[in-house]
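Worksheet: one structure, shown below.
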There are 2 protein chains.
Amino acid sequence: MPAILSNQSKRVSVLKALGHPTRLLITEALMHGELCVCDLRDLVGDDISTVSKHLSILRAAGVLVSQKRGLNVFYSLACDCFGEFLRCVDQVCPPSGSSSLKISLPDNCC
Amino acid sequence: MPAILSNQSKRVSVLKALGHPTRLLITEALMHGELCVCDLRDLVGDDISTVSKHLSILRAAGVLVSQKRGLNVFYSLACDCFGEFLRCVDQVCPPSGSSSLKISLPDNCC
DNA sequence: TGGCTATTTGGCAAATTAGCCAAGTTTTAA
DNA sequence: TTAAAACTTGGCTAATTTGCCAAATAGCCA
């Protein structure tokens, strides 16, 4: 991967990394604090190698950072603003209903 | 697709829809106002059927809405907050550098 | 009506991604 | 050292996604 990614590719990799149910679940779990890989394997239920690969995708996208301590590798969010980000995601896609007209959202929209 | 998607699946489909370079480009272009499919084909350069499929993914995710007027179908953002959303994306992935420690972001972080 | 334009849909092959197992690496501890 | 635990990486197949072409649909106008 090139050292410097264009702003656009960087956005795409963040969005792609988070656009997978397991990876979104992992990232949400880390909102409560760091966890090691086997904690996350227990949470997710996949093979540990699969979890590890998901984690490396999230880290490559810059969403997570990792820190090795002893035998364990602890992952945590790279940025504290992930909760706000999720709220933004929820607002980009307004509540469905009459779906073919532009909806003016309530005032909680970012 | 089930009528009611869980909050989680809805998030995943928004993120997945936007996690493709062409679809992100299209969505960004629509920040300046609605465009019809052939405008977007000119912008993107892909076959029009490809563009149409990208658009239907974005619409299914709830990111875009469409409106038919005469021969044309005009697409536009479902929510005005997409600019804010992009800023959020940029902040979830902090500027890379010393990448294995948690970075405390500057004050422009959401 | 018939023809023309804009768009969507079906179907397919190529490319990418997912997830498992097995093997390799790193660190701790006996 | 040797062994064991926690991860990562390589390699493979299965599943999904992409993007093209061709055909179908919808709306406009002569």
Side-chain angles (χ1 to χ4, degrees), chain A residues 1-2 5 8-9 11-27 29-30 33-76 99-100, chain B residues 1-2 5 8-9 11-27 29-30 34-76 99-101:
Chain A
M1 184 166 43
L5 241 51
Q8 195 66 357
S9 324
R11 284 174 176 168
V12 168
S13 42
V14 169
L15 292 165
K16 201 157 31 170
L18 292 169
H20 183 288
T22 300
R23 293 196 292 262
L24 187 59
L25 177 65
I26 287 173
T27 309
L30 294 176
E34 64 173 16
L35 291 170
C36 71
V37 181
C38 47
D39 290 338
L40 292 167
R41 179 213 40 207
D42 294 345
L43 171 75
V44 159
D46 285 342
D47 188 90
I48 195 164
S49 69
T50 301
V51 174
S52 177
K53 279 175 182 171
H54 282 313
L55 289 167
S56 81
I57 289 170
L58 286 163
R59 190 181 40 197
V63 175
L64 302 185
V65 293
S66 64
Q67 195 184 1
K68 183 158 196 170
R69 290 203 302 275
L71 277 182
N72 297 291
V73 177
F74 291 89
Y75 281 83
S76 53
S99 68
S100 78
Chain B
M1 186 165 42
L5 240 49
Q8 197 65 355
S9 325
R11 284 174 176 168
V12 168
S13 43
V14 170
L15 292 165
K16 200 155 34 169
L18 292 169
H20 182 287
T22 300
R23 293 195 293 262
L24 187 59
L25 177 64
I26 287 173
T27 309
L30 294 176
E34 65 173 17
L35 291 170
C36 71
V37 182
C38 46
D39 290 337
L40 291 167
R41 179 212 43 205
D42 294 344
L43 172 75
V44 158
D46 284 343
D47 188 272
I48 196 163
S49 69
T50 301
V51 174
S52 178
K53 278 176 183 169
H54 282 313
L55 289 168
S56 81
I57 289 170
L58 287 163
R59 190 181 41 198
V63 175
L64 302 185
V65 293
S66 64
Q67 196 186 1
K68 182 157 197 170
R69 290 204 301 276
L71 278 182
N72 297 291
V73 176
F74 290 89
Y75 281 84
S76 53
S99 67
S100 77
L101 280 186

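Note that the coordinates shown come from a computational prediction; the quantities given were computed from them, not determined experimentally. Chain A is the first sequence line, chain B the second, and so forth, proteins listed ahead of strands; every chain is numbered from 1. Scope of the values below: all heavy atoms of this structure, side chains included, with no hydrogens, waters or symmetry mates.
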Rounded to whole Å, how long is the line connecting atom [atom1] of [X] with atom [atom2] of [N]?
X	N	atom1	atom2	result
His20(B)	dT16(D)	NE2	P	18 Å
Ile57(B)	dT16(D)	CD1	P	14 Å
Leu58(B)	dT18(D)	CG	P	10 Å
Leu40(B)	dA6(C)	CG	C1'	13 Å
Leu15(A)	dT17(D)	CG	C1'	17 Å
His54(A)	dT17(C)	NE2	P	13 Å
Leu18(B)	dT17(D)	CG	P	15 Å
Leu64(B)	dT7(C)	CG	P	14 Å

key: Glu34(A) side, atom CD; Leu40(A) side, atom CG - distance, nearest 0.5 Å   =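 Output value for this atom pair is 10.5 Å.
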
note = Output for pair (Ser66(A) OG, Asn72(A) CG), nearest 0.5 Å, gives 12.5 Å

Distances under 3.5 Å only, N/O to N/O: pair up the protein atoms with those of nucleotides 8-13 of chain C.
residue	atom	partner	partner atom	Å
dT8(C)	OP1	Tyr75(B)	OH	2.8
dT8(C)	OP2	Ser52(B)	OG	2.6
dT8(C)	O5'	Ser52(B)	OG	3.3
dG10(C)	O6	Lys53(B)	NZ	3.1
dG11(C)	O6	Lys53(B)	NZ	2.4

query = Reckon Arg23(B) has a side-chain N or O less than 4.0 Å from the OP1 or OP2 of dT18(D)?
reply =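 Yes, because at least one side-chain N or O of Arg23(B) sits under 4.0 Å from OP1 or OP2 of dT18(D).
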
query = Looking at Asn72(A), does any N or O in its side chain come under 4.0 Å of the phosphate oxygens OP1/OP2 on dA5(D)?
reply = no

inquiry  = For Gly70(A) and Gly19(A), find the nucleotide of DNA chain C closest to each by heavy atoms; which residue's nucleotide sits nearer the 5' end?
reply    = Gly19(A)

inquiry  = Can you confirm if the NZ or CZ of Arg59(A) lies within 45° of the ring axis of Tyr75(A) and under 6.0 Å from the centre of its six-membered ring?
reply    = no

inquiry  = Nearest to the Lys68(A) side chain among dT27(C), dT18(D), dC7(D), which nucleotide is it?
reply    = dT27(C)

request  = Could you tell me whether the side chain of Arg41(B) and the main chain of Ile48(B) form a donor-acceptor pair under 3.5 Å?
outcome  =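 Answer holds: no.
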
key: Check: Asp47(A) side chain, Ser49(A) main-chain N or O, donor-acceptor pair, under 3.5 Å   = yes

CA sep, side-chain torsions, deciding dist, call: Leu43(A), Asp39(A), side chain to side chain contact (heavy atoms under 4.5 Å, CB included) = CA-CA 6 Å; Leu43(A) 171 75; Asp39(A) 290 338; over 6 Å; no

Leu18(B)/Leu58(B) under side chain to side chain contact (heavy atoms under 4.5 Å, CB included): CA gap, chis, key distance, verdict = CA-CA 7 Å; Leu18(B) 292 169; Leu58(B) 287 163; 3.9 Å; yes

